[in-house]
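What follows is a single structure, written as structure tokens, with notes after it.
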There are 2 protein chains.
Amino acid sequence: MSDKSHPTIQEIYNKVHMIDSTIGQATVYRNVNKLVSSGKAKKLSTNSEVDHYDGDISNHYHFICTSCNKIVDIFNFDVDIPIKDIQKSHNISIDNFDMVLYGKCSECNKSY
Amino acid sequence: MSDKSHPTIQEIYNKVHMIDSTIGQATVYRNVNKLVSSGKAKKLSTNSEVDHYDGDISNHYHFICTSCNKIVDIFNFDVDIPIKDIQKSHNISIDNFDMVLYGKCSECNKSY
DNA sequence: TAATAGTTGATAATGATTATCATTAAGAGG
DNA sequence: CCTCTTAATGATAATCATTATCAACTATTA
């Protein structure tokens, strides 16, 4: 839950397996899914084939660098205003969202 | 490209196969991927296991009803302002984004 | 202690996507 | 029309992430 690296299941498994080598992949899948379905963690669906997971369930965006594939949290913006507007204008209720921004991070922009 | 239903590959295949039954799945996969990688269509990665595709590459959000799984386009908001702010404050360049909102549509909110 | 319910690890099964490959189609000169 | 080269196709096999299965183990309860 404290991991800020947005790991994949495989990365979580590797980490867990280091600590306790008796734990299998299935257990990691089961427990991560349990966290997600109980709302204690979030699944990040991206354009990459593997899902990433985030233990931070607070409202924030994600930025993915299309060069180095790094995932960065984006916190400093007011997300409530557009959400409320959309709810009102479309007569829907929004419980949750995933915003994924794609582009180049500052490091990858430097290199040419 | 004119299909506004955000179809899956399977749905595209079904439609295409009706028109010309000699066309196989592989061809649909290949050509849809070609459209996506050349920027003429977009892949929508959602929390569901199958990807959906959108021939409309203009900037807009998507709303997915968690009851009936309907996907709705959300156009009426100004997406440029937060994007520009984020680019400036994080020193990144954003080429593209996916915003997926999850909740209940007006029809599913009515039923109880 | 005994009974029941829940969790686990190993492995098989599933299902969406991708790779392979022989065949067919398309294009470019001549 | 021909030949040559290159690209696209359909069928099928392979891949890979995820899920289901199931016997063994653990926890809980009475």
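To find a chain, count down the sequence lines: A is the first, B the second, and so on, and within it residues start at 1.
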| query | Can you tell me if A/Lys43 and A/Asn33 form a side-chain donor-acceptor pair at under 3.5 Å? | reply |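 No donor-acceptor contact under 3.5 Å links the two side chains.
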As an exercise, state the distance from [atom1] of [X] to [atom2] of [Y], rounded to the nearest 0.5 Å.
X: B/Ser89; Y: B/Lys84; atom1: OG; atom2: NZ; value: 14.0 Å
X: A/Tyr102; Y: B/Ser93; atom1: OH; atom2: OG; value: 15.0 Å
X: A/Leu44; Y: A/Tyr53; atom1: CG; atom2: OH; value: 9.0 Å

| message | Can you build the contact string for nucleotides 13-22 of chain C? Use B for base contact, S for sugar-phosphate-only contact, and - for no protein heavy atom under 4.0 Å. | response | ---SBB-B--
Spacing between [X] atom [atom1] and [N] atom [atom2], to the nearest angstrom:
X: A/Ile23; N: D/dC25; atom1: CD1; atom2: P; value: 17 Å
X: B/His17; N: D/dG10; atom1: NE2; atom2: C1'; value: 11 Å
X: A/Lys34; N: D/dT19; atom1: NZ; atom2: C1'; value: 15 Å

| task | Please check if B/Ile94 and A/Val100 belong to a single hydrophobic cluster, counting links between Ile, Leu, Val, Met, Phe, Trp and Tyr side chain heavy atoms closer than 4.5 Å. | result |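 Hydrophobic grouping puts B/Ile94 apart from A/Val100.
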| message | Using a heavy-atom cut-off of 4.0 Å across all strands, would you classify A/Asp20 as base, sugar-phosphate, or nothing? | response |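 Result for A/Asp20 = nothing.
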Donor-acceptor pairs under 3.5 Å, side chain of residues 65-74 of chain B to any protein atom, not counting sequence neighbours: which ones?
{"from": "B/Thr66", "atom 1": "OG1", "to": "B/Gly103", "atom 2": "O", "distance (Å)": "3.1"}
{"from": "B/Thr66", "atom 1": "OG1", "to": "B/Lys104", "atom 2": "NZ", "distance (Å)": "3.3"}
{"from": "B/Lys70", "atom 1": "NZ", "to": "B/Glu107", "atom 2": "OE1", "distance (Å)": "3.0"}
{"from": "B/Asp73", "atom 1": "OD1", "to": "B/His6", "atom 2": "NE2", "distance (Å)": "2.8"}
{"from": "B/Asp73", "atom 1": "OD1", "to": "B/His60", "atom 2": "NE2", "distance (Å)": "3.0"}
{"from": "B/Asp73", "atom 1": "OD1", "to": "B/His62", "atom 2": "NE2", "distance (Å)": "3.1"}

